Amino acid sequence: MKILVAVKRVIDYNAKVRVKTDNTDVDLSNTKMAINPFCEIAVEEAVRLKEAGTASEIIAVSVGPKACQEQIRAALALGADRGIQIETEDSPESLNVAKLLAKIVEAEQPELIIMGKQAIDSDNNQTGQMLAALSGMPQATFASEVSIEDGKAQVTREVDGGLQTVAINLPAVVTTDLRLNEPRYAALPNIMKAKRKPLDVKTPADLGVELKQHTQLLKVTEPAERSAGILVSSVDELIEKLKNEAKVI
Amino acid sequence: MAILVIAEHDNTALKGATLNTITAAQQIGGDIHLLVAGFNCQPAADAAAKVAGVSKVLQVDNAAYEHQLAENLAKLVLELGRDYSHILAPATTTGKNFMPRVAALLDVAQISDITAVEAADSFQRPIYAGNAIATVKSLDAIKVITVRGTAFEAAEQNGSADISSVDAAEDLAISQFISEEMAKSDRPELTAAKVIISGGRGMGNGENFAMLEQVADKLGAAVGASRAAVDAGFVPNDMQVGQTGKIVAPELYIAVGISGAIQHLAGMKDSKVIVAINKDEEAPIFSVADYGLVADLFDVMPELQQKL
Ligand SMILES: Cc1cc2nc3c(=O)[nH]c(=O)nc-3n(C[C@H](O)[C@H](O)[C@H](O)COP(=O)(O)OP(=O)(O)OC[C@H]3O[C@@H](n4cnc5c(N)ncnc54)[C@H](O)[C@@H]3O)c2cc1C
Ligand SMILES: Nc1ncnc2c1ncn2[C@@H]1O[C@H](COP(=O)(O)O)[C@@H](O)[C@H]1O
C-alpha cells in the first residue's frame, strides 16, 4: 500500500507570533519554522504502518516556496521514502492546496492519504476534507486510532462528545488528532540519509492547476489584550472576590 | 439573499451551537433557512422551527443522515445549497468535518471559525492560536462559513417557522458508522457552561480530578482539562480546552495546575473572569488571570470545596 502524507511548513509552536505594524499580516521574518505538529503525527502514523508491513511506500508532499523542502526532508528523516514539493508562493489557500494535492493523488494513486487535522498557523482545519471531496474519497478526520483491514480503514475519531468509530473504504483521507501517536525524533544517521532521498519539484502548471484567489486578507490585528489581575493570598479572599467583586458565584 | 444554516442535532434535540450560528446568520442579514438532516429527526425539526429568526426549516429524514456522516451530508448540502448566498454551520467537530467538503464541491473557499461579521462578505477569525485576528473578505459567490459559538449569543427559541420536508436522500455507501463512546455527565456541556473548572498536569492523576468535580458540583460547573492532562490519560479527550480542543468562554474559568501555554489560552482567554491556581508564581497563566492564587492545589481544592 502506498501512503501519501501532506506536510506543511509553519511557525514553530513555541515561537511568538508578531503582527506587522501596518496590520497587513503577521511577521514571520526570523521566526523559527517547523513541520506542523499534526503533520508530524501523520508522518509517524505512515511510518508505523510501513514498519508493520501494511504500507510499502511513503511519499511526503508539501505545497509552498522552496523553504518547505526543509519540512519534506524532515519527513524523509522520519521515514518517508521520497518527497514532492509543489512550488507556490507563501501560504496558498486551502482549496488551492487541495486541488494541487488532488492531482498528485491522481498521478500516484495512493491507497491512504494522511494529513494533519489542522495547520497551527491558519487554524483552518479543512484541507484534508477538501482533498477527500475533490478526489471523491471518504474521510476520517480527527483520528486517534487507525487500523487497516480488507480494503477498509477503521478509524476512531475524537469528536466533541467523546469518541466515534467509522469504517471507510480505501482509498481515503485520514486526518490526525493529538492522541494518534507520539512522533519519534529523527536519528542523526536518518537525517543524513534523508538528504539523498529523491525530492521532486513540480509547479502548478506541471499539474495543470490554475490557482484562483478566493479570499482576500483585509487586515491582521492583535487580539484584545487581557490585563493581568491581582494575586489573592487565601482561599477566603478568592471566594470573597468572586462573590462581591466579580459577582460570578 | 438567503442563508442556509446546517443544524447540529442528535435527531431529538438541537445542539446549542446551532443557536449561536443563527445569530451569526442574522448579523449577515437575509432570509434564514435551517436544514435538519437526520433520521427519525422530527423532534429536532420541531425544535428547529422554534428558533427565532428562522423563516423555514428544511427537514430531510433518511437513514443516510442518522450519524451526520460527512460524505453523505456534504452531498446533500451541495444539492440544496446552490441557490444560497451563504452556507453556515457551527465550528464543532461535526461542522468542521463536513463543511470543507461542501466548499470544495462548490469550488469555493471555506472561512473557518468566524468570531465576527464585518459585512456580508467580510469576517473576523482568529489565526495562530488566537494570537492574531484576521479580517477576511470572501470573493466567492457562495460563502461557506463555520461559526465559533462562543463569539455569538444564542438565538431565542420563541419562533414558529414552517417545516418543509425535502426528499433528496442518497447514501454514497463509502463510509459507515460503527460505534460511539459518548461521555455521560450530569454536568453542563463545556461549550455552554457558565462556570468551568479545568485541571492540568498538576493534578497528577485521574483520581484527583474528583477534587475538581466536587467543586464543580457546588458551582454547577463543567469540568475541563489541558492537553497534558488528556495525553496523560487522566481524563477523556472531549474535556480538552484549547486551540485544538474546545473553545470556551464562560463567566468564570478556574484553571488548576495548568501552566497556561498559548495553545491552552487560545481556548479560554475570552472567559469573563479567569482564576488561576498554581504553585509556580512564574506560570504564564497568571498573566491572563483576574485572580491568581499561588499555592499547592492539593491544599486549595479541599478548602475551596468546603468553603463554597
Ligand atoms: C499542536 C499542538 C496543539 C496543542 N493543543 C492544545 C490544546 O488544545 N489545549 C491545551 O491545553 N494544550 C494544547 N497543547 C499543549 C500545550 O502546548 C501545553 O503543553 C499544555 O497546555 C500543557 O498542559 P498543562 O498546563 O496541564 O501542563 P504543564 O505545562 O506541565 O503545567 C502544569 C502546571 O501545574 C502546576 N502544578 C504542578 N503541581 C501543582 C500543584 N500541586 N499545585 C499547583 N500547581 C501545580 C505547575 O506549576 C505547572 O504550571 C498543544 C500543543 C501542540 C504542539
Ligand atoms: N501548504 C501545504 N502543504 C502541504 N500540506 C498542507 C498544506 N496546507 C495544508 N496542508 C495539509 O492539510 C492539513 C490541514 O491544514 P489546514 O486545513 O490548513 O488547517 C495540514 O496538517 C497538512 O497536512
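These figures come from a predicted structure and were not determined experimentally. Order of the sequence lines fixes the chain letters, A, B, ..., with proteins taken first and strands second; residue numbering starts at 1 for each chain.
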So, the part of B:Ser122 with a heavy atom under 4.5 Å from chain A: the answer is side chain
Okay, B:Leu190 and chain A: the region with an atom under 4.5 Å from a heavy atom over there is neither
**Asked** Is there side-chain contact between B:Asp238 and A:Asp160, with at least one heavy-atom pair below 4.5 Å?
**Response** no
| said: If you define the side chain from C-beta out and look only at heavy atoms, does anything of A:Asn124 sit under 4.5 Å from A:Gln118? | reply: no
Any ion pair linking [Y] and [X] (charged N to carboxylate O, less than 4.0 Å)?
{"X": "B:Glu71", "Y": "B:Lys75", "result": "no"}
{"X": "B:Lys143", "Y": "B:Asp121", "result": "no"}
{"X": "A:Asp25", "Y": "A:Lys20", "result": "no"}
{"X": "A:Arg226", "Y": "B:Asp270", "result": "no"}
{"X": "B:Asp290", "Y": "B:Lys272", "result": "no"}

Pick one of side chain, backbone, both or neither for [X], based on which atoms fall under 4.5 Å of a heavy atom in chain B.
{"X": "A:Ser233", "value": "backbone"}
{"X": "A:Glu237", "value": "neither"}
{"X": "A:Ser234", "value": "backbone"}
{"X": "A:Glu93", "value": "side chain"}
{"X": "A:Ile230", "value": "both"}
{"X": "A:Tyr13", "value": "both"}
{"X": "A:Leu238", "value": "side chain"}
{"X": "A:Ile239", "value": "side chain"}
{"X": "A:Lys16", "value": "neither"}

Against chain A, work out which of [options] has the most heavy-atom pairs shorter than 4.5 Å and name it.
{"options": "B:Val102, B:Asp113, B:Leu105, B:Val108", "value": "B:Val108"}
{"options": "B:Ile133, B:Asn131, B:Ile127", "value": "B:Ile133"}
{"options": "B:Gln263, B:His67, B:Gln110, B:Glu180", "value": "B:Gln110"}
{"options": "B:Pro100, B:Ala104, B:Ala289", "value": "B:Pro100"}
{"options": "B:Ile277, B:Ile111, B:Asn97", "value": "B:Asn97"}
{"options": "B:Asp299, B:Val136, B:Val195, B:Asp107", "value": "B:Asp107"}

Residue selection (most heavy-atom pairs with chain B, distance under 4.5 Å) from [options]:
{"options": "A:Ile11, A:Val26, A:Leu134", "result": "A:Val26"}
{"options": "A:Thr165, A:Asn169, A:Val159", "result": "A:Thr165"}
{"options": "A:Asn23, A:Asp121, A:Leu218, A:Val232", "result": "A:Asp121"}
{"options": "A:Arg18, A:Met130, A:Gln139, A:Gln164", "result": "A:Gln139"}
{"options": "A:Glu182, A:Glu225, A:Glu245", "result": "A:Glu245"}
{"options": "A:Glu222, A:Lys241, A:Lys243", "result": "A:Lys241"}

Between B:Ser138 and B:Asp140 (side chain of the first, backbone of the second, donor and acceptor by atom type, cut-off under 3.5 Å), is there such a pair?
yes
Those residues of residues 149-157 of chain A that come under 4.5 Å of chain B on a heavy-atom basis, listed by number, are A:Lys152, A:Gln154, A:Arg157
Expected contact set for residues 94-115 of chain A against chain B at heavy-atom separation under 4.5 Å reads A:Leu95, A:Lys99
Cation-pi check, A:Lys117 onto A:Phe142 ring (under 6.0 Å, within 45° of axis)
yes
Steps toward side-chain contact (heavy atoms from CB on, under 4.5 Å) verdict (B:Thr135, A:Val220): CA-CA 6 Å; B:Thr135 304; A:Val220 175; over 6 Å; no
- Task: Answer yes if the side chains of A:Asn181 and A:Glu44 hold a donor-acceptor pair under 3.5 Å, and no otherwise.
- Result: no
Point to revise | Full working for side-chain contact (heavy atoms from CB on, under 4.5 Å) between B:Asn237 and A:Arg179 | key: CA-CA 8 Å; B:Asn237 64 282; A:Arg179 260 70 60 179; 3.8 Å; yes
